[in-house]
Amino acid sequence: MCGHVTLELDIQLLRDILNEAYGVKTMTLNHYKPRYNIAPSQPVLSVINDGVSNRAGYLKWGFVPSWSKDSSIGNKLFNARSETLALKPTFKDAFSTKRCLILASSFYEWQSHSSDKTPYRIALKESPLMPMAGLWSSYKTPDNTKIYTCTIITTQANDMIKNIHNRMPVILSPNQLNAWLNPKNKDVLALQSMLSPYASKSMTMHPVSTLVNNVKIDHEDCIRPL
DNA sequence: CCAGACGTTGTT
DNA sequence: GTCTGG
DNA sequence: CCAGACGTTGTT
DNA sequence: GTCTGG
């Protein structure tokens, strides 16, 4: 699965990649600073297509369906299973019209060993920015303010990650990004087929400090390999 | 038909 | 044990 | 995901 | 809003 991520690249490099590799025309990166420990309920950097162009901005991590009575359900829905999201009432609508990318430099997975848990940091070899497949939602709170939330789609772990955990986030290849983001794309089979494990050989994995367990610690030490 | 749920993970 | 907040 | 709280009453 | 269970 995917419960904590990082986004630590330099802002100029980030802007360049968003422009060149993601075709982003408008971006809202106010107050950007590198993050080493982003947890559910916090803002994550996302890309959506508004029907005309790709836009980057922040969404609150934790999916709240539009019909929810209160937003606390979002604490649980920070992941959506790729195998079933097309059938679930909670995600079905978003899968057809509200697909997004969640951008990270890396994500963390915890290996459970009887009573201990060891966190690992997992990143791409070929890029400092990892596009994870996600779904977003718009929710009107009781006081009539809209909040925009998202969830990261998971799939079975690849051969590398399988050693520590049975699930991983869906990571898309550069050539899949536009088809995934296009809200007019109704080819459900093609969309579904993108939701597969990313190749182990293109990824790196290292154990890191349990500092990352504590969401209050957002420090470079979180990503340092042990 | 209406009422009530709608999700993921890990662990056992 | 279960829920909420980060 | 993990960490930390989790309740009521009355009184100030 | 949409699906399931009764």
Side-chain angles (χ1 to χ4, degrees), chain A residues 1-7 31 33-45 58-98 102 104-123 130 132-142 146-157 161-171 183 188 195 197 205-219 221-223:
Chain A
M1 76 181 301
C2 183
H4 286 218
V5 303
T6 74
L7 185 67
H31 314 301
K33 69 179 173 65
R35 294 289 311 275
Y36 303 95
N37 197 6
I38 302 169
S41 81
Q42 298 178 357
V44 282
L45 183 63
Y58 287 92
L59 297 173
K60 185 179 163 78
W61 186 10
F63 190 94
V64 181
S66 59
W67 42 260
S68 297
K69 292 214 175 54
D70 76 275
S71 64
S72 66
I73 186 73
N75 295 326
K76 295 178 176 142
L77 303 186
F78 53 88
N79 288 151
R81 290 176 68 85
S82 59
E83 295 89 341
T84 54
L85 51 70
L87 303 172
K88 300 285 185 184
T90 299
F91 298 124
K92 201 176 178 176
D93 174 63
F95 180 55
S96 60
T97 63
K98 294 186 172 63
I102 288 124
S105 304
S106 66
F107 62 91
Y108 297 108
E109 292 288 0
W110 278 259
Q111 177 179 42
S112 260
H113 233 205
S114 55
S115 61
D116 326 322
K117 286 193 161 186
T118 307
Y120 285 71
R121 176 177 193 249
I122 298 154
M130 178 188 290
M132 299 184 288
L135 304 174
W136 65 276
S137 173
S138 161
Y139 174 73
K140 198 152 81 168
T141 62
K146 274 194 171 182
I147 58 171
Y148 295 91
T149 66
C150 65
T151 188
I152 295 174
I153 299 172
T154 63
T155 184
Q156 63 189 75
I161 294 172
K162 213 178 274 178
N163 293 305
I164 60 162
H165 202 83
N166 64 334
R167 304 289 296 170
M168 68 180 285
V170 170
I171 299 159
V188 173
L195 306 180
M205 177 168 90
H206 298 289
V208 292
S209 162
T210 52
L211 286 174
V212 72
N213 289 10
N214 191 330
V215 299
K216 290 176 191 149
I217 301 175
D218 185 9
H219 189 274
D221 288 345
C222 289
I223 66 171

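In what follows, every heavy atom counts, from backbone to side chain, and hydrogens, waters and symmetry copies are set aside. Every chain is numbered from 1 and lettered A, B, ... according to where its sequence line falls, protein lines coming before strand lines.
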Roughly how far apart, to the nearest Å, are D:dC1 and B:dT12 at atom P?
14 Å
Interatomic distance, OH@A:Y36 vs CD1@A:I217, rounded to 0.5 Å, equals 14.5 Å
A:S112 side chain: which of B:dT11, C:dG5, B:dT8 is closest?
B:dT11
Would you indicate, yes or no, if B:dT9 has its OP1 or OP2 atom less than 4.0 angstrom from a side-chain nitrogen or oxygen of A:T154?
yes
As an exercise, state the distance from OG of A:S82 to CD of A:Q156, rounded to the nearest 0.5 Å.
8.0 Å
Expressed in angstrom and rounded to an integer, what is the separation of A:I73 atom CD1 from B:dT8 atom C1'?
10 Å
Distance, P atom - from B:dT9 to D:dG4, rounded to whole angstrom
25 Å
Spacing of the P atoms in B:dC6 and C:dG6 (rounded, Å)
26 Å
Counting only side-chain nitrogens and oxygens, does A:S71 get under 4.0 Å of the OP1 or OP2 atom of C:dT4?
no
To the nearest angstrom, the NE2-P distance between A:H4 and D:dC1 comes to 9 Å
Of the listed nucleotides (B:dT8, C:dT4, D:dC1), which one gets closest to any side-chain atom of A:W110?
D:dC1
Using atom OH of A:Y108 as one end and atom P of D:dA3 as the other, report the distance to the nearest whole Å.
14 Å
So, OP1 or OP2 of D:dC2: does either fall under 4.0 Å of a side-chain N or O from A:K117?
yes
Under 4.0 Å: is that the gap between some side-chain N or O of A:R167 and OP1 or OP2 of B:dT8?
no
From the list D:dG4, B:dT8, C:dT4, which nucleotide is the closest neighbour of the side chain of A:R81?
B:dT8
In whole angstroms, how far is the C1' atom of C:dG6 from the OH atom of A:Y58?
17 Å
Can you check the A:D70 CG to B:dA5 P distance for me, whole Å?
14 Å
Answer with base, sugar-phosphate or nothing: what part of the nucleic acid does A:T84 contact at a heavy-atom distance below 4.0 Å?
sugar-phosphate
Would you mind telling me which of D:dG4, B:dT9, E:dG1 lies closest to the side-chain atoms of A:N79?
B:dT9
A:W67 on top of E:dT2's base, within under 5.5 Å and under 30°?
no
How long is the straight-line distance from CZ of A:F107 back to CD1 of A:I102, given to the nearest 0.5 Å?
13.0 Å
Taking only side-chain N and O atoms of A:N213, does any of them lie within less than 4.0 angstrom of OP1 or OP2 on D:dA3?
yes
Mind checking the C1' distance from C:dT4 to D:dG7? Whole angstroms is fine.
15 Å
Once you apply a heavy-atom cut-off of 4.0 Å, does A:F78 come out as touching a base, just sugar-phosphate, or nothing?
base
The answer to which of A:K69 and A:C2 contacts DNA chain B further toward the 5' end, by nearest nucleotide, is A:K69
In whole angstrom, give me the gap between the C1' atoms of B:dT8 and D:dC2.
15 Å
How about A:F91 and A:F63: are their ring centres within less than 6.0 Å of each other?
yes
For E:dC3, the nucleotide meeting Watson-Crick or G-U wobble distances (both under 3.5 Å) is B:dG4
Please give, in whole Å, the distance from E:dG1 P to A:L87 CG?
21 Å
Below 4.0 Å: OP1/OP2 of E:dG1 and any side-chain N or O of A:K92
no
Touch check for A:D93, heavy atoms < 4.0 angstrom, all strands: base, sugar-phosphate only, or nothing?
nothing
Could you state the atom-to-atom distance from NZ of A:K140 to P of E:dG1 in whole Å?
11 Å
With rounding to the nearest 0.5 Å, note down the distance linking CD in A:Q42 to CG in A:N37.
7.5 Å
Closest listed nucleotide, where the reference is the side chain of A:P89 and the choices are C:dT4, D:dG4, B:dC6
B:dC6
When you measure from the side-chain N and O atoms of A:S41 to the phosphate of C:dT4, is any distance below 4.0 Å, counting only OP1 and OP2?
no
Say you draw a straight line from CG of A:N75 to OG of A:S41; how long is it, rounded to the nearest 0.5 Å?
7.0 Å
Kindly assign one of parallel, tilted or perpendicular to the pair A:W136 and A:Y148, based on the angle between their ring planes and the thresholds 30° and 60°.
tilted
To the nearest Å, give me how far apart CG (A:N75) and P (D:dC2) are.
15 Å
